[in-house]
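As the structure is a computational prediction, the values presented were derived from the model and not from experiment. Note that these values count all heavy atoms, side chains included, but never hydrogens, waters or copies made by symmetry. Quick note on labels: first sequence line is chain A, next is B, and so on, each numbered from 1.
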Protein chains: 2
Amino acid sequence: MTRQLHLNAFLMNTGHHEASWRLPESDPYAHVDLAHYVGLARIAERGTFDSLFLADGPQLWNNLAQRPAGALEPLTLLTALATATEHIGLIATASTSYNSPYNLARKFASLDIISGGRAGWNIVTTAGAEAARNFGLATEPAHAERYARAAEFLDVALKLWDSWEDDAIVADKAAGIWGDDTKIHPPRHQGTYFSVEGALNLPRSPQGYPLLVQAGSSDDGKAFAARYAEAVFTAQQTLADAQAFYTDLKSRTRRAGRDPEHLKVLPGIVPVLGSTEAEARAHEQVLEDHIVPEHARARLENLLRLPPGALDLDQRLPDDLPPESAVEGAKSRYTLVVELARRERLTVRQLIGRLGGGRGHLTFAGTPEQVADQIATWFTQGAADGFNIMPAVLPSGLAAFVENVVPLLRARGLLRTEYGPRRTLRERYGLPRPANQHTAALV
Amino acid sequence: MTRQLHLNAFLMNTGHHEASWRLPESDPYAHVDLAHYVGLARIAERGTFDSLFLADGPQLWNNLAQRPAGALEPLTLLTALATATEHIGLIATASTSYNSPYNLARKFASLDIISGGRAGWNIVTTAGAEAARNFGLATEPAHAERYARAAEFLDVALKLWDSWEDDAIVADKAAGIWGDDTKIHPPRHQGTYFSVEGALNLPRSPQGYPLLVQAGSSDDGKAFAARYAEAVFTAQQTLADAQAFYTDLKSRTRRAGRDPEHLKVLPGIVPVLGSTEAEARAHEQVLEDHIVPEHARARLENLLRLPPGALDLDQRLPDDLPPESAVEGAKSRYTLVVELARRERLTVRQLIGRLGGGRGHLTFAGTPEQVADQIATWFTQGAADGFNIMPAVLPSGLAAFVENVVPLLRARGLLRTEYGPRRTLRERYGLPRPANQHTAALV
C-alpha cells in the first residue's frame, strides 16, 4: 500500500483567521457552543481525519474587544466529543507547568477509557507571565526550567500510566478476589519538581497512555520531541525549511534510540480554496479586509516583546530586535515571524495580513487540485508525514476541504477512504501500543 | 404546592455494598464502563431525580484484592454523561487540597456550559496521607488547615466565576468589537494559600457557577457548609440525630447571614426493597454473606487508626479508642461508627455487617410502602429536604427504587411527575441563580 497521509483538524471557534468571527456566517458565541464543536468533529470524521486537536493556555489570551476570548477546557470538551463521534482521535493541549502529574495522568486515562482509546496529549510548557500569575508565580519560569520540569512530568506520568499492569484485574467472584496487588507498581517518585508516591486510581487504558504530541520547535522543544513525542505539530513557511526540520527531527529521534517512523511530523497549513486561483485569493482578501490593524499590531508588539505603539504599520520591523536566545517563550514562533518579515521585506501592515490567517503557518491557496498537489509534494518530498489542517473559517473552511480536497487525496491513494473497524488513535497513526515498563522485558 | 422532595443518586460502580461486585448480576469492570454509568443516569432520569453524584479521592483507596478499585475522574465522566442525558444535575467531587483554583474553576464552568447549567461541585478537603503523598506532601495537612485552604479556594473560585459580567460579550461584527473589556474583573488575589491574578478564560456559565455541595459533618465542616454550601450530604443513623443535625445546620446558615431555605440537607440512605419485609431482609443477608470479614476488618482498623490485627471479629470495639478531636480526617464518620457500635453493643463482625451496605449511612429496608413511609417521615418531621439515594447494588437497586418507591412518592405529591422544560440544577433544587458580585449592587 502507498504510504498513508495523516490529517489532523486543528479546531478553533470560528476559525484560525483572527477576523473570521466578523463574517456573516460566523457565530460569535461558537467558542462556548458544544453543538458547534460536535458539528466540526463530524465533518472531520466525514473526511476520515486521524484526529482533531484543541490548543490551550490557562489564561485569558487577548483583550475581549479584539476577537473571541476564552475557550472550554480541552479535556472537558473532548470528553463530550468522545460521545458524539466514533472514530476520530481527540488531542487535548495541557500544560506541564500548571498541572500536577497525578491529576493530569488520571484525566487523560479517563478520556482514553471513555473514548475507547482515542486520547492524545499535546504537551506544552506554557509561555508567558500571564499564565504564571494565575498559578502563584510572580514571573514566567525560564524556558530551560520549563522543559526540565516537563521531562520530569512525563517520566512521572509514564510511571503512573504503567502503575497497573494490563492484567491486574482478576475478577474472581467465587474467591472474592477482585485484583492482584502484586501487579500494582506505585511510582514512589522523588524528584526535583515532583514527589508522587502512589499508583494511579485507574486501570491501564486502551492505548496504555495517550498519544504524546508536541509542538515546540526550539532546540529544547526538538530535544523533548525526539525523546517523547509520537506526533509533532510545526509551523514551516517553505518546502526547504520543512525538509530541514523533518530531517533534523527524524535524525534526533534515531539518535535518542527510537524508530524515526514512530514520530510523525505534521506541519500546519491553512487551506484556502476557490474554483479558480483568483477566487481563492478573493476569499483571503475578504478576511484581510476584516482585520482591525491596531489590534493586530498590538499582538505583534506583544510577540516581539516591544512596548505598545513601538511599531509603525507602514514601516518594516526595526533592525535591532533581540535574538531568539533572549526570548523566554514561543521562541520558534518569534524567529519564524521575524524571518518571514525580513525575507519578504514586508511592512508591519503586510506582515499582519500574512499572519492573520495562520499566525505563522503556511497558506496553501488555490483550486482543490492545486492544494492537493501542494500536499502531495510536501508529503512525498520528505517534508511531512501528514498535515495539521487549520481552516481560516470554521465550519465552512473544514467542510470545503473535506468535500473538495479529501476526494482528490483518496483518488491518489494517499488517504483512507473509510475508517473500517474501530481502532485506537495510535493505531491510526501507525504506531505500536506501548508495552508496560514493568512487563516489557517479559514479552 | 406541597413542599417538594429532592432526590440525588449517589453512583458507585456495582453499588455501595462492598460485596456487590461478587453478585452474579454485577460487572466487575463496571467502574471503567461508560455504558454502565449512562444506564444509571438514564434510570435516575426516569425517576425524575434532581441530580446524580460521584464521590472521589485522588488516590488508590484499597487493596485490589478486596473489591473494585479506582474510578474514572468525576468531571470527565460527568461531561460524558452530560451528552447522554437531558435534565439531571451532575455533581462531581473535587478536592480543594489537591487542585489549583484556576484549573478547577474553569473545568466546572466548562461542565456547566456543556451541560446547559447542570453542574454541581461536592467540595472536599480530602483526608489521608495517601492522597497527600501523591501531591508532593510528606504527611496529611491538619484538618483545620485543610478547611482554611478550602475557604480561600472558594473565595478565589467565586472571584474567577464572577470575573466576566454576564453581558461581557458584545458581538458587534460591524464595529469589529467582540467584547467589553470594562466588564472583565481579574481577581488580583494575593492570599495565604493562593495568588491568582487574571480573569477566567471563559464567560460566566448558565448557573453563574456550579451548585456548591458539601458533606463534612465535623464542626469545621458545618461552619464551611453554613457559609458556602447549597446542598449538604450527611450520614445520620436515627431520626433524632438527623433532626438535630438539620436544625443545627439551618440555624448556622441563618447566623451566617444566609436564607436557611438556600441550603438543602440530604441524608444518605440505602434503600433495601422486597415485596415483604422478610424478602428485603433476605436481600441484605445475601450481601452480608458475600463480605470477606478479614478485608472489612482491615478497613475498619484503618478508619479507627488501629494497627492491623488489632480488632477481634467476635469482640466489641476496645474501650480506649481516641476521641474524635485526635483524628485528622473523616472525623464525623469516625464518631458515627464508634457510636453505632457502642449504642447497639455490636461485635466487630456485626458492625462490619451493618457498615457493609452504606459505610455508616442508614438503611431503609422493607416494602416500597414502608420505605416511602420512612422517607416521608424524615422529610415532614424536620430531618431532611431530600435524600442521597445509595443503592447497595447497581444498577438493580436504583431501578427497583425508581420503579417501586418513586411512584408512591409521586402519588403523595412529594416528587415531580416529570421534568417539564429544561432547567438548571440550581432551579431544580429551588435555589436562585447567584448574582455576579460586580453587578449585584446594581440589580
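- A/D166 places no side-chain N or O within 3.5 Å of a backbone atom of A/N436 that could act as its donor or acceptor partner.
- Of the atoms belonging to A/P24, it is backbone heavy atoms, and not side-chain ones, that fall under 4.5 Å from chain B.
- Expressed to the nearest 0.5 Å, how far CZ of B/R67 lies from NE2 of B/H31 amounts to 12.0 Å.
- Comparing B/P101, B/S26, B/A84, B/P187 by heavy-atom pairs within less than 4.5 Å of chain A, the highest count is held by B/S26.
- Contacts of A/A174 with chain B are made by backbone atoms alone, with heavy-atom separations under 4.5 Å and no side-chain atom involved.
- Options A/L75, A/V292, A/N63 differ in how many heavy-atom pairs under 4.5 Å they form with chain B, and the most are formed by A/N63.
- For a residue to count as touching a neighbouring chain, one of its non-hydrogen atoms must lie under 4.5 Å from one of that chain's; by this rule A/L60 touches chain B with backbone and side chain alike.
- For A/I113, the part lying near chain B is the side chain, with the backbone staying farther off; criterion is any non-hydrogen pair under 4.5 Å.
- Rounding to the nearest 0.5 Å gives a distance of 10.5 Å between CZ of A/R422 and OG1 of A/T424.
- Contact count against chain B (heavy-atom pairs under 4.5 Å) is highest for A/A71 among A/A171, A/S100, A/A71.
- No side-chain donor-acceptor contact under 3.5 Å links B/S97 and B/T126.
- For the options B/L137, B/V156, B/I184, B/L160, heavy-atom pairs under 4.5 Å to chain A are most numerous at B/I184.
- Counting heavy atoms from C-beta on, the side chains of B/L394 and B/N13 never come closer than 4.5 Å.
- Looking at A/D172, the atoms closer than 4.5 Å to chain B (heavy atoms on both sides) all sit in the backbone: N, CA, C or O.
- The parts of A/F135 that come within reach of chain B are both its backbone and its side chain, each placing non-hydrogen atoms under 4.5 angstrom from that chain.
- Taken to the nearest 0.5 Å, the OH atom of A/Y98 stands 8.5 Å off from the CZ atom of A/R149.
- Residue with the most contacts toward chain A among B/Q190, B/E130, B/K107: B/K107 (heavy-atom pairs, distance under 4.5 Å).
- Both the backbone and the side chain of A/T76 come within less than 4.5 Å of a heavy atom of chain B.
- A donor-acceptor contact shorter than 3.5 Å is absent between the side chain of B/N201 and the backbone of A/P58.
- If you measure heavy-atom distances from B/L23 to chain A, the contacts under 4.5 Å come from the backbone alone.
- Between the side chain of B/T79 and the backbone N or O of A/T79 there is no donor-acceptor pair closer than 3.5 Å.
- In the model, B/Q207 has a side-chain atom that pairs as donor or acceptor with a side-chain atom of B/D112 under 3.5 Å.
- Of the atoms belonging to A/I169, heavy atoms from both backbone and side chain fall under 4.5 Å from chain B.
- Between B/H438 and B/H185, the ring planes lie parallel to each other; the angle is under 30°, not in the 30° to 60° tilted range.
- Using a 4.5 Å cut-off between heavy atoms, A/H295 touches chain B through its side chain atoms alone.
- Formation of a donor-acceptor pair under 3.5 Å by the A/R22 side chain with backbone atoms of B/K173 is found in this model.
- In this structure, A/F153 has its ring center under 6.0 Å from that of A/F194.
- In this structure, no portion of A/A82 lies under 4.5 Å from any heavy atom of chain B.
- For A/H189, no part lies near chain B; criterion is any non-hydrogen pair under 4.5 Å.
- Neither the backbone nor the side chain of B/L78 comes within contact range of chain A; no heavy atom of the residue lies under 4.5 Å from a heavy atom of that chain.
- Ranked by heavy-atom pairs under 4.5 Å with chain B, the list A/L72, A/L64, A/V32, A/D33 is led by A/L64.
- Counting heavy-atom pairs closer than 4.5 Å to chain B, the top residue among A/A199, A/P186, A/P68, A/G70 is A/P68.
- In terms of heavy-atom pairs under 4.5 Å with chain A, the best-connected choice from B/A168, B/G198, B/A80 is B/A80.
- Heavy-atom pairs under 4.5 Å with chain B peak, among A/A69, A/A19, A/G136, at A/A69.
- Ring geometry, A/W178 versus A/W164: the interplanar angle exceeds 60°, so the pair is classed perpendicular (tilted spans 30 to 60°).
- In terms of heavy-atom pairs under 4.5 Å with chain A, the best-connected choice from B/S195, B/A175, B/A131, B/S115 is B/S195.
- Contact of the B/Y37 side chain with the A/I114 side chain is not registered, since no non-hydrogen atoms from C-beta on lie closer than 4.5 Å.
- With hydrogens and angles ignored, the 3.5 Å screen pairs a side-chain donor or acceptor of B/R118 with a backbone N or O of B/I88.
- Chosen from A/S163, A/G176, A/A109, the residue pairing most often with chain B at heavy-atom distances under 4.5 Å is A/G176.
- The choice from B/N134, B/V170, B/L202 that makes the most heavy-atom pairs within less than 4.5 Å of chain A is B/N134.
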